Amino acid sequence: MNAKTVLPAVGMTAVSMVLTLAVVVMWLGTAMPWPVALVVGLGIDGGWLATLAYERRLAAQGDHSTPVTAVGWSFGLIATGVLIAHALTEESAGAWLAVAWLPIAAKALWLVHGLWERTALTGEALDAIQGIQQEARDEAAVARARLRAEASTEETRLTAVTQAGARVAHVQAKTADTLSRAWSTLESAREGEDTGRALTSVTTRVTPGVTPRWELPVWGPTEPVSAFALESAGALTDDALDTLVDKIRHSETPALSYREMASRFRTAGHSASEVRLRAAWKRVAA
């Protein structure tokens, strides 16, 4: 894996050193003996290579030295400066300036390689990370599928409920319309001019003195009245009710409360409305 970053850095460094040496020998060889120019070129390349080797040694140990890094970048800048200065003295300056950035580019590639090494992981760690990421993607996909299924189910249920409600409302409206028409028919028959005479002609021979009035049936909820209530309705006068309430109230010592008295009153089989019973209590207890 390191070859992906170290090979470009090594190649760029080699090209930069060769170019720097050649430029120094060609440029300075006209002003001084070429062996001296060769020594200058080798000095620049040697210093750069020495600092680079030391930086790589520190990096292999997990260490870092800022002065060594600064010296290495200084040699890179010197080499770049030599190339730029040479390019400015040549007629084809553009071509030489196009390659003057190679020393800086080589240092940048070594920086990238160092970052790669500091962040590199083993194959087991990468496999573990990929497994975790795949598991997270699987869980997210399952959750999305579950949510979509639940949403589809809820939409189907709401559609069914809405349709059922619409059918019920339609039936109720239709029934109400039918009952309304039937009630209108009954009302028209009841209010007709010949209805009374027709009913009288039919019922007088069976029940003399029958009233020709035809009452409409009750349309709505009714509450049946028990036979006991019908028989006992109005059976107790106010005086009798007062006497009975007073008797039940003082059947124990101390006197009973209204709730206890009312319970025993109804348990004994007596009947009276709540309003009359409470009024009797107030008269007796006053």
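Here, residue 1 is the first one in the sequence, and each next residue gets the next number. Predicted model, so just to flag it, every value in this text is computed and none were measured.
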Novice: Does Ser263 reach the main-chain N or O of Arg259 with its side chain, forming a donor-acceptor pair under 3.5 Å?
Specialist: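 Side chain of Ser263 to backbone of Arg259, a donor-acceptor pair under 3.5 Å: no, none is there.
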Novice: Would you say Arg278 and Lys282 make side-chain contact, with heavy atoms under 4.5 Å?
Specialist: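 SC-SC contact between Arg278 and Lys282 confirmed.
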Novice: Let me know which of Thr237, Thr243, Val245 forms a side chain to side chain contact (heavy atoms under 4.5 Å, CB included) with Leu241.
Specialist: Val245
Novice: Is there a donor-acceptor contact under 3.5 Å from the side chain of His170 to the main chain of Ala166?
Specialist: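 No; zero donor-acceptor contacts below 3.5 Å.
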Novice: Between Glu260 and Ile248, is any pair of side-chain heavy atoms under 4.5 Å apart?
Specialist: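 SC-SC contact between Glu260 and Ile248 ruled out.
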Novice: Quick one, Gln134 with Gln130, criterion side-chain contact (heavy atoms from CB on, under 4.5 Å). Give me CA distance, side-chain angles, the key distance, then yes/no.
Specialist: CA-CA 6 Å; Gln134 185 62 47; Gln130 292 178 357; over 6 Å; no
Novice: Among residues at least two apart in sequence or on other chains, which ones pass side-chain contact (heavy atoms from CB on, under 4.5 Å) with Arg266?
Specialist: Glu274, Leu277
Novice: Main chain of Ala149, side chain of Thr153: is a donor-acceptor contact present, judged purely on distance under 3.5 Å?
Specialist: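 Side chain of Thr153 to backbone of Ala149, a donor-acceptor pair under 3.5 Å: yes, one is there.
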Novice: Would you name the heavy atoms of Arg264 and Glu252 that are closest together and state the gap between them?
Specialist: NH2-OE2, 2.6 Å
Novice: Measure the CD-CD1 distance between Glu124 and Ile129 for me, rounded to the nearest 0.5 Å.
Specialist: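 Here the interatomic distance stands at 11.5 Å.
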Novice: Could you tell me whether a side-chain N or O of Thr156 sits under 3.5 Å from a main-chain N or O of Ser152, the two making a donor and an acceptor?
Specialist: yes
Novice: With a 6.0 Å cut-off (strictly less than), is the heavy-atom count around CD of Gln133, excluding the residue itself, greater than 12?
Specialist: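 It does: Gln133 CD has more than 12 such atoms within range.
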Novice: Is any side-chain N of the basic residue among Arg157 and Glu150 closer than 4.0 Å to the acidic one's carboxylate O?
Specialist: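 No.
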Novice: Side-chain contact, heavy-atom cut-off 4.5 Å: Arg249 with Tyr258?
Specialist: no
Novice: Has Arg283 got more than 12 heavy atoms of other residues, nucleotides or ligands less than 6.0 Å from its CZ?
Specialist: yes
Novice: Should the heavy atoms of other residues, nucleotides or ligands under 6.0 Å from CZ of Arg146 be counted, would the total exceed 12?
Specialist: no
